[in-house]
Amino acid sequence: MLKIFIKSITIIFVCTFMSSAHAGDASKGKKVFNKCKACHGIDEGGKNKLGPNLWNTVGGPIAAAEGYKYSKALIAYGEEAGTWNEENLDAWLKKPKDLVRKTKMIFPGLKKEEDRANLIAYLKENGNN
Ligand code: HEC
């Protein structure tokens, strides 16, 4: 009986841990975003910098920030893929050039899955989708 109890507690614990790791923590993501700030603003209606403003990225159209001159490569990718979602953003943030070979975003990528999940949670918070 005690064994079953301990087993189920362990399962609950592991599940909770896994789902929270998967969902990402926006407050931690905000810190990760410091790596992006040199090139990206994220406030609603904010200006484009070297890179486009990132308000409303998750669930929003690819390569669509107003007044920003995107590379042909990212525009073509947008025509093919449509919108940013957690999956393609994860791939983009892991290594932009692996997803869109000729992008002009010069960023090596975030190696840690946890950093990417937290960052995506933060991006989600800064949008209305
Ligand atoms: C050195 C500058 C630079 C850094 C640092 C940088 N980016 Fe970018 N980013 C760009 C540029 C330039 C583009 C436009 C790419 C293109 O047109 O090919 C871009 C495009 C993007 C896009 C596509 C936006 C759209 O409108 O479809 C996303 C999403 C993005 N960056 C996220 C990030 C995140 C998150 C980080 C931090 C982990 C980051 N970038 C770091 C320069 C940068």
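Ligands are counted one by one from 1 in listed order, and the atoms in each one are counted from 1 as well. For the single chain, residues carry numbers from 1 onward in sequence order.
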After noting the C-alpha distance and the side-chain angles of Lys31 and Asn34, does the key distance pass the side-chain hydrogen bond (donor to acceptor under 3.5 Å, both in side chains) rule? CA-CA 5 Å; Lys31 283 192 196 130; Asn34 285 334; over 6 Å; no
Yes or no on salt bridge (Lys or Arg N to Asp or Glu O under 4.0 Å) for Glu125 and Lys30, after CA distance, side-chain angles and deciding distance? CA-CA 10 Å; Glu125 259 196 8; Lys30 189 174 180 188; over 6 Å; no
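The hydrophobic cluster containing Leu110, built from Ile/Leu/Val/Met/Phe/Trp/Tyr side-chain heavy atoms closer than 4.5 Å, also comprises Val32, Phe33, Ile42, Leu54, Val58, Ile62, Tyr68, Tyr70, Leu74, Ile75, Tyr77, Trp84, Leu89, Trp92, Leu93, Leu99, Val100, Met105, Phe107, Leu119, Ile120, Tyr122, Leu123.
Within ligand 1, the atoms closer than 4.0 Å to a non-hydrogen atom of Ser71 are 16 (C), 17 (O), 18 (O), numbered from 1 in the order shown. Applying the 4.0 Å criterion to heavy atoms of Lys35 picks out, from ligand 1, the atoms 5 (C). In the vicinity of Leu93, heavy-atom distances shorter than 4.0 Å reach the ligand 1 atoms 34 (C), 35 (C). Residue contact check: Ile106 has heavy atoms under 4.0 Å from atoms 1 (C) of ligand 1. Listed by number with element, the atoms of ligand 1 under 4.0 angstrom from any heavy atom of Gly51 are 10 (C), 11 (C). Near Tyr70, with a cut-off below 4.0 Å to any heavy atom, the atoms of ligand 1 are 17 (O), 25 (C), 26 (O). Near Leu119, with a cut-off below 4.0 Å to any heavy atom, the atoms of ligand 1 are 35 (C), 38 (C). For ligand 1, the atoms sitting less than 4.0 Å from at least one non-hydrogen atom of Cys39 are 1 (C), 2 (C), 3 (C), 4 (C), 5 (C), 42 (C), 43 (C), numbered in the order shown with element in parentheses.
For His40, the N, O or S atom closest to atom 8 (Fe) of ligand 1 goes by the atom name NE2.
The backbone N or O of Ser27 sits nowhere less than 3.5 Å from a side-chain atom of Asn118 that would complete a donor-acceptor pair. Asn88 places a side-chain N or O within donor-acceptor distance of the main-chain N or O of Thr83, the cut-off being under 3.5 Å. The closest donor-acceptor contact from the side chain of Lys104 to the backbone of Ala73 lies at 3.5 Å or more, if one exists at all.
The distance criterion of under 3.5 Å between nitrogen or oxygen atoms is met by Lys104 with respect to ligand 1. For ligand 1, one of its N or O atoms has an N or O atom of Thr103 under 3.5 Å away. Between Tyr68 and ligand 1, no pair of N/O atoms sits closer than 3.5 Å. The shortest N or O to N or O distance between Lys69 and ligand 1 is not below 3.5 Å.
Between the NZ atom in Lys97 and the OG1 atom in Thr103 there is a gap of 6.0 Å [rounded to 0.5 Å].
Looking from atom 22 (C) of ligand 1 to the surrounding protein, the closest heavy atom is Trp92 NE1, 3.6 Å.
Not close to ligand 1: Ala38, with no non-hydrogen atom less than 4.0 angstrom away. Ligand 1 lies less than 4.0 angstrom from a heavy atom belonging to Pro52.
The closest side-chain heavy-atom distance from Pro108 to Lys95 is not below 4.5 Å.
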